[in-house]
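Input: a single structure, listed below in structure tokens.
Numbering of residues begins at 1 and proceeds along the displayed sequence.
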Amino acid sequence: GSPGGAVNIGTTLEQAQAFANDPDRVDTIEVRGDGSLTPDQVVQRLEQADLAPKLSIVTGRAAAEEQSNEIKDAFSFFSTILLVFAAIALFVGMFIISNTFGILIAQRTKELALLRAIGASRGQVLASVLVEAGIVGLVAAVLGFFAGVALAFLAFAGLRAGGLDLPSTSLSITPSTAITAIIVGLVVTAASAIVPAVRATRVPPIAALRDVAIDNSGRSKGRSILGLLMLIGGGLLVIPAFQAEPPSSALPGIGLGLALILGAVLVLGPVIAKPLSRLVGLPLPAIKGVTGRLARENAMRSPRRTASTAS
């Protein structure tokens with residue numbers, strides 16, 4: 001047994017050559033000096049000796065660095081997987097944040113309209129929502145950073161418990177890591193709140209005196225056509241995935257097709273949210289009476305918000 005979970009088998013030189021079906025040949029020769037020369041001088045002497053053609057002669061330090069780089073490259077997929085999960089988390093987080101601020105803005109429509117009525121400008125309304133998003137983003141980013149550190153400790157503990165004790169030093173937490181995490185949290189929160197914030201600036205002062213209008217935004221013909229085209233294109237691109245043995249060369253196209261299908265669902269969400277809410281909510285009045293009818297009509301009244309929540 002050896003570090004990293006590998007198993008080494010020791011043989012004689014002749015046995016190793018027989019296993020490799022390559023008699024009288026070797027892959028590597030390790031040379032140790034008597035101490036009178038530096039490793040670089042030993043390398044220079046061996047190169048001058050011209051022992052064999054196409055020999056690569058390096059110092060032990062260089063060989064160790066080369067092996068280390070090869071191991072790092074072999075484990076690079078692990079970093080890629082973690083980064084993919086991080087991207088998914090940010091993507092989902094943006095939906096949740098945007099939807100939350102959208103609901104908050106909808107609940108404050110009359111309040112914002114009253115502010116406009118007493119003289120607040122659109123810029124002041126926009127700034128108020130963005131400042132709130134910044135405060136929420138800062139607090140959440142700090143909490144998220146500490147939660148991430150805790151998860152990293154748990155991940156290492158889980159790997160050790162599963163018998164995969166990767167060779168490593170202690171968990172490295174640098175100031176740049178903390179700063180990056182907090183900046184990403186702030187940027188994602190601010191970016192997610194921009195659309196609801198801009199929507200808040202469009203609330204007219206007169207809205208303080210009347211009921212909020214039904215939200216029919218996001219249901220244009222252009223959106224419907226674009227969503228259908230993306231859905232059809234994505235469906236065609238993922239067809240190779242259903243073959244018995246799809247070639248690896250088809251993977252990029254399949255990935256693009258899946259992305260198009262996901263995009264189509266997001267684009268078509270506000271278009272299909274109202275009819276789907278009507279269909280899915282059909283039994284609710286019979287089950288819950290007035291509460292069920294109100295729930296169904298509430299989901300139908302704001303298709304954009306319903307679609308965002310479902311997404």
- Task: Sort and list the pairs that fulfil ring pair (Phe, Tyr, Trp, His ring centres under 6.0 Å) and have at least one residue in residues 100-147, not counting sequence neighbours.
- Result: none
- With sequence neighbours excluded, tell me which residues meet ring pair (Phe, Tyr, Trp, His ring centres under 6.0 Å) with Phe153. none
- Message: With clusters defined by side-chain heavy atoms of hydrophobic residues (ILVMFWY) lying less than 4.5 Å apart, directly or transitively, does Leu83 cluster with Val184?
- Response: no
- Applying side chain to side chain contact (heavy atoms under 4.5 Å, CB included), run through Arg122 and Arg116 and close with a yes or a no. CA-CA 8 Å; Arg122 294 182 63 176; Arg116 293 293 310 280; 3.5 Å; yes
- Query: Does Leu13 belong to the same Ile/Leu/Val/Met/Phe/Trp/Tyr cluster as Ile9, with side-chain heavy atoms less than 4.5 Å apart forming each link?
  - Reply: no
- Query: Just wondering, do Leu104 and Glu132 contact through their side chains at under 4.5 Å, heavy atoms?
  - Reply: yes
- Answer with yes or no whether the hydrophobic clustering places Val129 together with Ile118; edges join I, L, V, M, F, W, Y residues whose side-chain heavy atoms lie under 4.5 Å apart. yes
- Could you name each residue pair satisfying side chain to side chain donor-acceptor pair (under 3.5 Å) that touches residues 253-263, not counting sequence neighbours? none
- Query: Hey, what do you get for NZ (Lys274) to CG (Leu276), rounding to the nearest 0.5 Å?
  - Reply: 13.0 Å
- Query: So do Thr306 and Arg301 actually touch side chain to side chain, heavy atoms under 4.5 Å?
  - Reply: no
- Message: Counting C-beta onward and ignoring hydrogens, is there a side-chain heavy-atom pair between Arg223 and Pro270 closer than 4.5 Å?
- Response: yes
- Message: I need the full list of side chain to side chain donor-acceptor pair (under 3.5 Å) pairs touching residues 175-186, with sequence neighbours left out, sorted by first then second residue.
- Response: Thr174-Ser176, Thr174-Thr177
- Message: In the structure I gave you, are the side-chain heavy atoms of Ile182 and Val142 within less than 4.5 Å of one another anywhere?
- Response: yes
- With Glu66 via salt bridge (Lys or Arg N to Asp or Glu O under 4.0 Å) - residues at least two apart: none
- By side-chain hydrogen bond (donor to acceptor under 3.5 Å, both in side chains), Ser249 pairs with (sequence neighbours left out) none
- Message: Count I, L, V, M, F, W, Y as connected when their side-chain heavy atoms are under 4.5 Å apart, and connections chain through other members. Are Ile179 and Val187 then in the same cluster?
- Response: yes
- Message: Testing the basics here: between Ala197 and Leu130, what is the closest heavy-atom pair and its distance to 0.1 Å?
- Response: CB-CD2, 4.1 Å
- Item | Within one Ile-Leu-Val-Met-Phe-Trp-Tyr cluster: Leu229 and Leu256, side-chain cutoff 4.5 Å | no
- Query: Using a distance-only test with no angle check, is there a side-chain donor-acceptor pair under 3.5 angstrom linking Ser36 and Asp34?
  - Reply: yes
- Would you mind reporting whether Phe91 and Leu262 have side-chain heavy atoms less than 4.5 Å apart? yes
